[in-house]
Every structure is written in C-alpha cells, then in structure tokens.
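Some notes on the structure that comes next.
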Amino acid sequence: MSADREALAASQSSLLDALLDGGVPAGFDPRGVGVAARGLLLKRRRSVARAWPGLALALGQGFGPLFAAYAKKHDLPAGGALVDGRLFARELKRAGNLPPEALPYLLEFDLVRAIRGGVVVERRLPGVRMAAMGRPFRLLIGFRNGGGRIRCFAFGRRALPTVPPHGRAAPME
Amino acid sequence: MSAVLAERSLGVGVGWRPQLALWIDRQPLRFVEVMAEDFWSRPVAPAVENLRERGATVAPHSVSLSLGGAEPVDIAAVERLGGLARRLGSPIVSDHAAFVRAGGRESGHLLPLPRTQEALDVLVENIRTARRHLPVPLAVENIATLFEWPGAEMDEATFLREAITRSGAMLLLDVANLHANALNHGWDSHAFLDGMPLDRLAYVHIAGGVEHDGFYHDTHAHPVPEGPLELLTDLCSRVEPPAVLLERDEGFPRTEETAEEYAAIARAVSRGNAIREGDRVR
C-alpha cells in the first residue's frame, strides 16, 4: 500500500472501530456518529430478521436484546445477513437461548445451504441433518434427496412441526 | 447526452424486491434494478427473468465494493458483479462513493469518505481498477450521511465530480441522499446540482425517508417527501435523465400507495421536462 492508502486505512479503521465499539474519533460530531452507530446495529438486526423471519418470530421480544448481546461479541460477517443469522442461532444454541420453534428453520437451512469460506453456498448433494434439544427431549431428522426434496421426521414429546411454519416476524422498531 | 442506459429515456423504474414483484409484474416498467448481493448465493428470480423477456432493462446495484476504501478493490467481487451484469444483459452496474470495510471489519452500511485529495486519489484509482475488470460501464452514486469527516479540503460536489470525471465512471445521482445531506449538514442542494457532471448521468435514484432524533434518515421505508421530488424536478429542468428509479426496501405500502408514489415521481419528472422544453422554445 502507498503512504496515502496507509494513512487512509488507519483513519477509516479508527472511525469504523468507533462506530462498532463505541466512542467518537477526534474532530467528528458526536451526535451524528452516535446516531450512525445505533443505525448500523439496527440495520444489521433488521437484515437478520429479514433473512431469518422464522428465527425472529420464534425469539419474539427477546430478539432485540439477544441480538445486541451477540453483535457486541461478533462482528458482521462478510457473507452478510444469512451467515450472520446462522451464526447468531449457533451462539443462541450454545448458550441455551435457542427457542425449540426455531429448530426447523435451522434444519431446513442446513439441508439446503452451507457456509463455506464465510459465504453461503447451495448444497448440491443429498444429505441428512439432525437437530436435538433436551428437556423435554425433541429430535428432528431431515433428509434431502438428490432432487432437493426435503423429508423431515420429529421425535419426542411435544414434537416440533416438521415443516417450518411460515409466519411473519414481529416488526423491529 | 451519454446514452449508456438507453437511446431514449426509460422513464420511471423501481428497485426490484420480492415484496414488490407482483406489483412490478403488472406495470409496463422498462427499467428495474436488482440488489447484486441478493444473487450471490441464489439464482436470479424467475420474475426478474420474465421482466427481461418483456424487454425491461435490468441493472445490478451493489453496496459491497467499498470503492472509497483504503484497501485495494477485491477483483473477484468486481468480476462477480460483472458476471451478474452479463447474465442479466445489463448495460451498466453501480456502487457508491463510500467505504464499507476497514481493518478487516464490515460496517454493513455505506460510510462517508474524508473529502481530501488523498481520499479522492484512492477513490479514483479504485474505480479505475474496477472498471478494468467490468464488461459494462460503472456508475458511482452519492450517499446520504449522518456525519461528515473533519478537515474537508473541498465540497461534496467537487469531490464527486472529480471522482467521476477523472475515473471515467458514470454518475448515479440519488436526489433523496442529496436531500438528506442538505437537511443534515446544511448543504445547498441546488448548488450541488450545479456542480454535477450531468453529461455523465447514468440514471437517478429517489427514495423515502423520515425525520427523527433531529436528523433526516434516508430509510427507503417511508413515503418520498416533497424535498426529493422538488430536486428531481430541478434536475429534470436541466437534463433529461436516462431513467429514474424508486428504491423501497422496507415498510411496503398498499398497492394504491405504491402506485400513487410512482405517479408523483412521474409528475415531478414531467414538471422538470416542461421547464426544460419551455426554456428550449424560448
């Protein structure tokens, strides 16, 4: 990189750090930067809710605070909202915050798509995926044949629907 | 006038979105734009293919090239955009005079550039690099911003005009973004139009927004206010744009409201055309 580019890289990087982590670089209008920083988070959240309406619906009112907590620790991936939502769901599952109603959406995504090199790609081959949760125990098994058709089976008491119920996510602000 | 998009004006088009697909399909539209990033991981929607078969021009609009970023342009991303243009038979592609990543982090939204000679040189170099790897012309759009960098060495019109003319890019002029910046930063939008290289105008964006927190927000989720419509009329009184395109991304209204908004834009264009034609007769 040329010296001009190096200097520009440093100043763009410190501005972006401020927007994502808080703070205002010297000389900038704190009000404008603050509103823009909040806007970045809200836009990211709206994009995930749009790419993952089933997940947003399942989380209901919890979506906003849970997503804010996730976003604080994890940067927006270069692959965009589809990848962001899948990683968000993974973090929710790890922390025990994933509502069981969201499982069919994750299963469907994992049967049809994959995240490779940080971007979403369509799967071409047949496959099997499982999603399980304890207390009460629920298990979903999905099969995808070579033609892309999906069959899903649910086990356990209060079994989950095997087809994602297509609904509209609650509006975000 | 340059005729990259079409020999004759394509009129008023709409940004194609799945939520608008049905309405768009019923209109005799000759121009739509698609969000380039939407088609990286999935095939082009059949509804878009239908529009193409009916003779509509489809242009991919990108938000991820980070043309004003200090990091070198991602050639693979540029080629992917070019590939989409080829697949859609598009006469033009576009992105913004902005940056969206730095230091390995993504912003997720278009961020303003410092208006310095150094940043201008980087933007020009990036656009030239992108153009070398594209099969069609590249149009560069002005963005709406909630803040400006300190230490500006020139005004926005000069910065954008220099970037366009030096790099050989086309201009995608967003009158809603101009309206937003005029309100938020006290710019003179008519003086801004005076400074635009209108001989390089590819087409025009217009969109809705809303005022809160003491700022005008270019949301693409609210009705188009009078301000951007007046700027559109002013622009059309100076030059006939090859096309005007309405962007709506969220908060989709009822069909009647979409139709009314579309009609209001067409009226704003007609008013400007009448002024221009009147001037010519005189």
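Chain identifiers are assigned alphabetically (A, B, ...) following the order of the sequence lines, protein sequences preceding nucleic acid strands; residue numbering begins at 1 within each chain. Both backbone and side-chain heavy atoms feed into the values below; hydrogens, waters and symmetry mates do not.
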Largest heavy-atom contact set with chain A, pairs under 4.5 Å, which of B:G151, B:G69, B:A119: B:G69
Residue part contacting chain B, namely of A:D84, when any heavy atom lies under 4.5 Å: neither
Contact origin within A:L76 toward chain B - heavy atom pairs under 4.5 Å: both
Shortest non-hydrogen contact from A:L139 toward A:A132: CD1-CB, 3.8 Å
Residue among A:D17, A:D4, A:L16 with most heavy-atom pairs under 4.5 Å to chain B: A:L16
Chain B contact via A:S11 - which portion, at a heavy-atom distance below 4.5 Å: both
Aromatic ring proximity B:H61/B:H205, centre distance under 6.0 Å: yes
Proximity breakdown for B:E148 and chain A, heavy-atom pairs closer than 4.5 Å: backbone
Check ion pair A:R86-A:D110 (N to O, under 4.0 angstrom): yes
Donor-acceptor contact below 3.5 Å, side chain B:W149 vs main chain B:P112: yes
B:R115 and B:E156 ion-paired at < 4.0 Å: yes
Winner by heavy-atom pair count (cut-off under 4.5 Å) against chain B, out of A:A9, A:A78, A:A81, A:G80: A:A78
Top contributor to chain B interface from A:Q12, A:R44, A:E6, A:R50 [non-hydrogen pairs under 4.5 Å]: A:Q12
Residue A:A26 versus chain B: region with a heavy atom under 4.5 Å: backbone
Options A:D29, A:D75, A:L19, ranked by heavy-atom pairs under 4.5 Å with chain B, top entry: A:D75
A:R38/B:D213 salt bridge by N-O under 4.0 Å criterion: no
Segment of B:N126 engaging chain A (4.5 angstrom heavy-atom cut-off): both
Test side-chain hydrogen bond (donor to acceptor under 3.5 Å, both in side chains) applied to B:T219 and B:E250, step by step: CA-CA 8 Å; B:T219 59; B:E250 285 172 273; over 6 Å; no
Full working for ring pair (Phe, Tyr, Trp, His ring centres under 6.0 Å) between A:Y105 and A:W52: CA-CA 8 Å; A:Y105 298 98; A:W52 288 88; 8.0 Å; no
